[in-house]
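Reviewing the structure listed below.
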Amino acid sequence: MMSKKIAFLLFPGFEMLDVYGPISVFSSHKLNAYYKCLTVSQNAGPVPSSRGIQTVTEYDFDSCPPVDLLMVPGGSGARQEVDNSQLMDFMQRMVAPDASKSGSAPPYLLTVCTGAAFAARAGLLDGKKATTNKGAWAWATTQGKPGATAWQKQARWVEDGTVWTSAGVTAGIDMSLAFIAKRNGEEAAKQVATYLEYTGDYRDPSNDTFCHVIDSPVSA
Ligand SMILES: *[C@@H]1O[C@H](CO)[C@@H](O)[C@H](O)[C@H]1NC(C)=O
């Protein structure tokens with residue numbers, strides 16, 4: 001079986017769990033290395049997270065190979081980085097319908113938390129249903145063209161064709177497991193969740209107890 005490449009797009013001030021939660025899910029997949037995770041940032045090398053801890057990324061925007069999935073995290077740095085036109089260009093190029101090699105399927109775009117704000121700004125959520133972090137709702141949902149996206153409040157994640165978006169931080173783990181359940185089967189998702197001893201709900205996206213945060217955000 002051909003392995004699937006997933007690029008994690010890092011920027012200064014990314015939220016660590018948005019990245020490492022899904023990496024733990026996709027890289028512990030039982031179908032032996034079915035998913036290959038790689039990291040990319042504008043200049044490659046060390047990228048500080050919002051927690052200060054750095055991650056050393058492997059690829060820059062020019063050297064990153066075509067991938068099957070582009071995973072975009074959120075984090076406090078998103079508020080500056082949405083103005084980074086090179087990052088926008090990179091995202092658009094990576095998920096263009098013909099971006100993954102040799103006539104294979106169009107790449108998936110997956111976002112976690114305020115990663116959806118990048119996708120909205122890049123026009124990649126136009127005409128789509130999507131969700132984002134409930135605590136950053138007012139900001140994130142106004143990054144794209146007004147009215148272009150049908151934002152879903154009661155959702156841990158939203159699937160719309162090749163675009164999957166998830167709510168705050170841990171919702172990225174639910175979305176990743178749901179993605180595996182859909183692409184690789186329930187049993188594969190269950191095996192990963194069991195390995196991680198994960199008790200969250202990756203079957204029902206509407207099992208969301210954080211909607212109320214939209215009206216009274218907490219800051220982390
Ligand atoms: C909703 O999700 C929580 C875990 O996040 C789980 O404990 C609970 O059983 C789920 N509710 C239903 C109705 O499945």
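Because the structure is a prediction, the values reported are computed rather than measured. Computed over heavy atoms, backbone and side chain alike; hydrogens, waters and symmetry mates excluded. Just follow the structure's listing: the first ligand is 1, and inside any ligand the first atom is 1.
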Please give the N or O to N or O pairs under 3.5 Å between ligand 1 and the protein, distances rounded to 0.1 Å.
{"residue": "ligand 1", "atom": "2 (O)", "partner": "Asn207", "partner atom": "ND2", "Å": "2.3"}
{"residue": "ligand 1", "atom": "11 (N)", "partner": "Asn207", "partner atom": "ND2", "Å": "3.0"}

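For the pair Ile6 and Leu38, the minimum side-chain heavy-atom distance is 4.5 Å or more.
Sorted by first and then second residue, the ring-ring contact (aromatic ring centres under 6.0 Å, His included) pairs involving residues 36-83 (not counting sequence neighbours) are Phe61-Phe90. Screening residues 129-146 for salt bridge (Lys or Arg N to Asp or Glu O under 4.0 Å), with sequence neighbours left out, gives Asp126-Lys145, Lys134-Asp208. Sorted by first and then second residue, the pairs that involve residues 114-156 and meet ring-ring contact (aromatic ring centres under 6.0 Å, His included), not counting sequence neighbours, are Phe11-Phe118.
Contact check on Arg121 versus Asp83 returns a salt bridge, with a Lys/Arg side-chain nitrogen under 4.0 Å from an Asp/Glu carboxylate oxygen.
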Thr57 and Thr39: side chain to side chain donor-acceptor pair (under 3.5 Å), yes or no, with the steps?
CA-CA 5 Å; Thr57 53; Thr39 52; 5.2 Å; no

